[in-house]
Amino acid sequence: MMPQSGVVQPAMAPMSIDQYQQQAPPTQQQQQWMMQPPQAQQPQFQPQAQPSWGQQQQQQPMSQQYGATNPSPSSNVNPNELRSLWIGDLQYWMDENYLSTCFYHTGELVSAKVIRNKQSGQSEGYGFLEFRSHAAAETVLQTYNGALMPNVEQNFRMNWASLGAGERRDDSPEYTIFVGDLAADVTDYVLQETFKPVYSSVKGAKVVTDRITGRTKGYGFVKFADESEQLRAMTEMNGVLCSSRPMRIGPAANKKPMGTPQKGMAVSPFHLLC
DNA sequence: ATTGAGCGG
C-alpha cells in the first residue's frame with residue numbers, strides 16, 4: 001500500500017498569515033510545498049533584525065508562476081553547496097505553506113518541508129528549508145534564528161541540516177566548556193568574542209535559551225578545536241568579565257558520548273537456522 | 001534559571 005500515493009494537492013489558495021491564528025489542522029496531502037508565489041499581497045512581518053539581501057531583496061518577479069516553461073525556483077542553485085537548514089520547535093499546524101510564507105520574501109527559498117509521522121500524518125515538529133545557495137541559507141540562519149516567528153510568541157529555531165543526506169559537516173573533534181553566570185544581554189556572539197581574541201581555536205559559542213520565550217537561561221557553552229586551549233580557558237577565564245558579570249566556568253557534561261552504543265545486537269536463535 | 005539539542009528523502 002502506498003498511503004500517500006498520487007495526488008498532491010498544493011492547489012489551495014495561499015493562506016494569508018492571519019489564517020494561521022485559527023490553528024488550522026495540517027493538510028496531510030502536502031508532502032512538500034514547492035514555491036508558488038502568493039497571488040494576493042504577500043504577508044509581511046518584521047524580524048528582529050533586517051536581512052541584508054543586497055539588491056535582489058524584495059521583488060521576486062511573478063514570471064515563474066506555475067508554468068512548465070518558466071524556470072523553476074530550483075534553477076540557479078548550486079547542488080554542491082550546503083543549502084538546507086533544519087528548523088525545529090514547530091507547532092503541529094505549521095505546515096509547508098506556513099514555512100514558505102515565512103521565507104518567501106527572501107526570494108531565495110527553493111522548498112520547505114515538514115517531517116510527518118507516516119501513520120498519523122502529524123508533524124514531528126521539525127522540517128527542512130532548502131535555499132538557492134549556501135550564502136542565502138546562511139543569511140537566513142543568522143537573521144531569523146532566534147527571531148520571532150510570525151503570529152506566534154515563539155522564536156525560530158534553526159540550524160544547518162547536518163544529519164543524513166550526505167550533508168555531513170565537520171567531524172573534527174571539539175572540546176567544550178560550560179560557562180555560567182551569564183548576564184541577560186550575553187548572546188552567542190558576545191560569548192564567542194569573549195574567548196576568541198585569546199583562544200584562536202574557538203569554534204563557536206552557544207548561550208542556552210528558553211525554547212518558547214527565547215530568553216537566556218544564564219549559561220552556555222564554548223567549543224574549542226584545541227584541547228590545550230580548552231584546558232587553559234577553564235582556569236584562565238574563570239571569573240573573567242563577560243559583558244557585566246564574571247563568568248563561572250566548569251567542565252561541560254558530555255552531551256554525546258563518544259562511543260555510539262550498538263543496539264539490537266541480541267542474537268535470535270532463528271538466525272542460527274538460516 | 002546554571003550542563004544544549006530537535007535532522008528526512
Side-chain angles (χ1 to χ4, degrees), chain A residues 2-5 8 26 28 30-34 74 77 79 82-92 94-96 99 110-131 137 140-141 144-146 149 154-171 174-188 191-192 203-224 230 233-234 237-239 242-258 260:
Chain A
M2 305 265 291
Q4 296 173 334
S5 65
V8 178
Q28 301 187 3
Q30 289 184 329
Q31 287 277 50
Q32 183 159 358
W33 199 86
M34 300 302 287
S74 54
V77 301
L82 303 174
R83 304 163 6 244
S84 292
L85 298 181
W86 179 93
I87 180 167
D89 290 355
L90 300 179
Q91 311 272 359
Y92 75 95
M94 294 174 172
D95 58 8
E96 286 81 356
L99 293 179
V110 174
S111 68
K113 181 161 67 168
V114 172
I115 302 306
R116 294 193 165 81
N117 181 285
K118 279 196 169 57
Q119 277 81 36
S120 66
Q122 281 277 356
S123 167
E124 296 281 3
Y126 70 91
F128 295 91
L129 305 167
E130 181 188 0
F131 294 89
V140 167
L141 183 62
Y144 291 98
N145 189 29
M149 300 176 79
Q154 158 178 353
N155 302 92
F156 281 113
R157 188 166 206 87
M158 43 180 80
N159 210 331
W160 289 106
S162 56
L163 305 182
E167 294 194 359
R168 197 133 281 110
R169 308 261 326 154
D170 185 6
D171 51 356
E174 47 194 37
Y175 305 92
T176 305
I177 63 173
F178 169 88
V179 184
D181 288 351
L182 297 178
D185 64 329
V186 175
T187 62
D188 290 356
L191 184 58
Q192 168 168 326
K203 294 176 72 175
K206 182 100 249 163
V207 174
V208 177
T209 55
D210 182 276
R211 281 196 338 171
I212 306 301
T213 67
R215 274 202 291 258
T216 174
K217 290 187 173 176
Y219 64 89
F221 299 88
V222 179
K223 292 188 300 193
F224 302 78
Q230 174 213 27
M234 295 259 301
M237 297 298 277
N238 193 37
C242 177
S243 182
S244 57
R245 291 231 277 266
M247 298 178 286
R248 187 171 69 77
I249 296 185
N254 254 358
K255 176 169 61 168
K256 52 175 179 184
M258 290 295 288
T260 309

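Residue numbers start from 1 in every chain, and the chains themselves are labelled A, B, ... in the order their sequence lines are given, proteins ahead of strands. Just the heavy atoms: all of them, side chains too, but no hydrogens, waters or symmetry mates, feed the values below. Keep in mind it's a predicted model, so treat the numbers as computed, not measured.
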Margin query: Can you classify the ring geometry of A:W86 versus A:Y126 as parallel (below 30°), tilted (30 to 60°) or perpendicular (above 60°)?
Written below: parallel
Margin query: With the criterion set at under 5.5 Å between ring centres and under 30 degrees between planes, would B:dG8 be stacked on A:F128?
Written below: yes
Check: According to the 5.5 Å centroid and 30° plane-angle thresholds, does A:W86 stack upon the nucleobase of B:dG6?
Finding: no
Check: Base, sugar-phosphate, or nothing for A:G88, non-hydrogen atoms under 4.0 angstrom?
Finding: nothing
Notebook entry, point to check: So what does A:F178 touch, heavy atoms closer than 4.0 Å: a base, only the sugar-phosphate, or nothing?
Noted result: base
Using atom [atom1] of [X] as one end and atom [atom2] of [N] as the other, report the distance to the nearest whole Å.
| X | N | atom1 | atom2 | answer |
| --- | --- | --- | --- | --- |
| A:D188 | B:dG4 | CG | C1' | 11 Å |
| A:R116 | B:dG8 | CZ | P | 16 Å |
| A:E124 | B:dC7 | CD | C1' | 11 Å |
| A:L129 | B:dC7 | CG | P | 16 Å |
| A:D89 | B:dC7 | CG | C1' | 13 Å |
| A:F156 | B:dA5 | CZ | P | 19 Å |
| A:R215 | B:dG4 | CZ | P | 20 Å |
| A:Q122 | B:dG6 | CD | P | 20 Å |

Next item on the list: Kindly write out the residues that satisfy side-chain contact (heavy atoms from CB on, under 4.5 Å) with A:Q192, not counting sequence neighbours, or none if the list is empty.
Entry: A:K196, A:V202, A:A205
Next item on the list: Output all residues satisfying side-chain contact (heavy atoms from CB on, under 4.5 Å) with A:V208, sequence neighbours left out; order by chain, then residue number.
Entry: A:K217, A:Y219, A:F221
Check: Is there a donor on the side chain of A:K206 or the base of B:dG4 sitting less than 3.5 Å from an acceptor on the other?
Finding: no
Check: Between B:dT3, B:dG8, B:dG6, which nucleotide has the shortest distance from any of its atoms to the side chain of A:R157?
Finding: B:dG6
Check: With a 3.5 Å cut-off and no angle check, do the side chains of A:Q154 and A:Q91 form a donor-acceptor pair?
Finding: yes
